[in-house]
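See structure below.
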Protein chains: 2
Amino acid sequence: MARAATTTDAFNAVAEPRRREILDALAGGELAVGDLTELLGLAQPQVSKHLRVLREVGLVDVRDDGRRRLYRVNAAPLRAVHAWVGQYERLWNERFDLIDGVLDELAGTDEPRSTEPGSTETGRGD
Amino acid sequence: MARAATTTDAFNAVAEPRRREILDALAGGELAVGDLTELLGLAQPQVSKHLRVLREVGLVDVRDDGRRRLYRVNAAPLRAVHAWVGQYERLWNERFDLIDGVLDELAGTDEPRSTEPGSTETGRGD
DNA sequence: CAAACATATTCTCATATCGGAATGTGTCAA
DNA sequence: TTGACACATTCCGATATGAGAATATGTTTG
């Protein structure tokens, strides 16, 4: 087996820098392919190809407007990415939780000493 | 040019599901390679190879312990991922902003009707 | 209809992946 | 020292990428 297809999920689709740039550009609002090629300084075919990937993963929607196609962001698939990465927020905010976990295990504590359940924020500004 | 190397950055490294699983497993605390192969049901070489990638990107640190090597998560590189994805939070929380933007443009409104600047949260639970 | 314009698709090529199998390196024990 | 154990690296093969160039599809205008 080879590397997973870029169209497998948002994780793979977004791993490509150009695709992130495209999404960033579209974050401001709908844009046509031509606008993107100019903004990113890429060749038109490459832009179309990247857009195809983004579309297959559901990260962008298209709309026909005369002879051009207007693309817009659909951030929904990014939620999964955000959710997964978010779990590590406390790990980079505080090295302590990690140690706490280990200590809890060693101590045989039943209650994992939850750190403010329900709130993703740690309170520490980072 | 081909696809970017998996060791290019956290984005690429984390696009691989197995690597995410490894990080998830390590989130609980240090683990040896053997522990990981058992937990994930993978062959030892594959685990080592994935760990290599994660290490090159700085997502894990290693520590020698006798004849085994203990790996631990270093979430720092994930901050960039989180930061980028986080920019799209409002876009998936409310489809409204997007539409608002379009409406504003059509109406020629000067003030973009900002949605609670300073707060990333939209108030809407989703 | 033909020409111009906007996008999409196809083809080629160099590259890197991931898994599997085999092998290499280093450490502990008898 | 030899053997067992833990892990890392290398070689293989199938696959898919991303850029570039060329071409196809589709829409508007004259």
Side-chain angles (χ1 to χ4, degrees), chain A residues 1-26 29-73, chain B residues 1-23 25-26 30-73:
Chain A
M1 201 179 284
R3 198 168 175 182
T6 57
T7 54
T8 300
D9 52 31
F11 279 98
N12 282 279
V14 157
E16 163 67 60
R18 302 308 174 82
R19 256 159 352 227
R20 260 174 278 147
E21 289 181 26
I22 289 180
L23 289 177
D24 287 342
L26 291 177
E30 275 184 338
L31 284 180
V33 179
D35 302 330
L36 289 169
T37 71
E38 196 174 342
L39 282 173
L40 308 188
L42 284 180
Q44 177 265 312
Q46 333 298 340
V47 174
S48 282
K49 280 185 278 190
H50 282 310
L51 284 170
R52 191 173 186 345
V53 173
L54 292 174
R55 233 188 56 152
E56 285 193 37
V57 185
L59 277 169
V60 296
D61 291 326
V62 211
R63 177 168 75 88
D64 280 28
D65 173 46
R67 63 176 113 183
R68 25 180 208 162
R69 315 196 93 193
L70 299 179
Y71 285 84
R72 61 160 55 195
V73 179
Chain B
M1 199 179 282
R3 199 167 174 180
T6 57
T7 54
T8 300
D9 51 31
F11 280 96
N12 281 279
V14 157
E16 163 67 58
R18 303 306 174 84
R19 250 146 15 213
R20 260 174 278 147
E21 288 181 28
I22 289 181
L23 289 176
L26 291 177
E30 274 185 338
L31 285 179
V33 179
D35 302 330
L36 289 169
T37 71
E38 196 174 343
L39 282 173
L40 307 188
L42 283 180
Q44 177 265 313
Q46 333 298 338
V47 174
S48 283
K49 281 185 278 189
H50 281 311
L51 284 170
R52 192 173 188 338
V53 173
L54 291 174
R55 233 187 56 151
E56 286 192 36
V57 185
L59 277 169
V60 297
D61 292 326
V62 210
R63 179 168 74 89
D64 280 28
D65 173 46
R67 62 177 112 182
R68 23 177 210 164
R69 315 196 91 194
L70 299 179
Y71 284 82
R72 64 158 55 197
V73 178

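Every chain is numbered from 1 and lettered A, B, ... according to where its sequence line falls, protein lines coming before strand lines.
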So which protein nitrogen or oxygen atoms get under 3.5 Å of nucleotides 23-30 of chain C's nitrogens or oxygens?
none

Figure out the [atom1]/[atom2] separation between [X] and [N], and round it to whole Å.
X: B:R52; N: D:dA6; atom1: CZ; atom2: C1'; result: 17 Å
X: A:R68; N: C:dA8; atom1: CZ; atom2: P; result: 13 Å
X: A:R69; N: C:dC5; atom1: CZ; atom2: C1'; result: 16 Å
X: B:E30; N: D:dA6; atom1: CD; atom2: C1'; result: 16 Å
X: A:L54; N: D:dT17; atom1: CG; atom2: P; result: 13 Å
X: B:D35; N: D:dC5; atom1: CG; atom2: C1'; result: 14 Å
X: A:R63; N: C:dT7; atom1: CZ; atom2: P; result: 13 Å
X: A:L36; N: C:dA8; atom1: CG; atom2: C1'; result: 14 Å

Query raised in the report: Under the side-chain hydrogen bond (donor to acceptor under 3.5 Å, both in side chains) test, which residues partner A:R67, sequence neighbours left out?
Result: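 For A:R67 there are no side-chain hydrogen bond (donor to acceptor under 3.5 Å, both in side chains) partners, ignoring immediate neighbours.
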
Atom pairs and distances, donor-acceptor, side-chain atoms in residues 11-18 of chain B, under 3.5 Å, two or more places apart:
unit_1 : atom_1 : unit_2 : atom_2 : d
B:N12  : OD1    : A:R3   : NH2    : 3.4
B:N12  : ND2    : A:A15  : O      : 3.3
B:N12  : ND2    : B:D9   : OD1    : 2.9
B:E16  : OE2    : B:R18  : N      : 3.2

Interatomic spacing from [atom1] in [X] to [atom2] in [Y] - rounded to 0.5 Å:
X: B:T6; Y: B:K49; atom1: OG1; atom2: NZ; value: 11.5 Å
X: A:R69; Y: A:L51; atom1: CZ; atom2: CG; value: 10.0 Å
X: A:H50; Y: A:R19; atom1: NE2; atom2: CZ; value: 6.0 Å
X: B:D35; Y: B:T37; atom1: CG; atom2: OG1; value: 7.5 Å

Query raised in the report: With B:A43, which residues qualify under side chain to side chain contact (heavy atoms under 4.5 Å, CB included), at least two apart?
Result: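 By the side chain to side chain contact (heavy atoms under 4.5 Å, CB included) rule, B:A43 matches B:P45, B:Q46.
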
Requested in this report: Ignoring backbone atoms, establish whether A:Y71 has a side-chain N or O less than 4.0 Å from OP1 or OP2 of C:dA6.
Outcome: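 Checking A:Y71 against C:dA6: no side-chain N or O falls below 4.0 Å of OP1 or OP2.
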
Report task. Can you establish whether the number of heavy atoms outside A:E38 located under 6.0 Å from its atom CD is more than 12? Result ->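 Counting other residues, nucleotides and ligands, CD of A:E38 stays at 12 neighbours or fewer.
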
Query raised in the report: Can you tell me if CZ on B:R20 sees more than 12 non-hydrogen neighbours from other groups inside 6.0 Å?
Result: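 Result for CZ/B:R20: enclosed.
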
All N/O pairs under 3.5 Å across the protein-nucleotides 12-19 of chain C interface:
unit_1 : atom_1 : unit_2 : atom_2 : d
C:dT17 : OP1    : B:T6   : N      : 3.4
C:dT17 : OP1    : B:T6   : OG1    : 3.4
C:dC18 : OP1    : B:R19  : NH1    : 3.2
C:dC18 : OP1    : B:R19  : NH2    : 2.9
C:dC18 : OP2    : B:R19  : NH1    : 3.4
C:dC18 : O2     : A:M1   : O      : 2.1
C:dG19 : OP2    : B:H50  : NE2    : 2.9
C:dG19 : N7     : B:K49  : NZ     : 3.4

Query raised in the report: Which of these passes side-chain contact (heavy atoms from CB on, under 4.5 Å) with A:I22: A:L40, A:L59, A:L39, A:L31?
Result: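 One option only clears the test, and that one is A:L40.
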
Query - Identified side-chain contact (heavy atoms from CB on, under 4.5 Å) counterpart of A:L54 within the set A:V73, A:V60, A:D61 - result: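 The side-chain contact (heavy atoms from CB on, under 4.5 Å) with A:L54 is passed solely by A:V60 among A:V73, A:V60, A:D61.
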
Query - Terminal axes of the helix from C:dC1-D:dG30 to C:dA30-D:dT1 (five pairs each): angle between them, nearest 10 degrees - result: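 Result, rounded to 10 degrees: 10°.
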
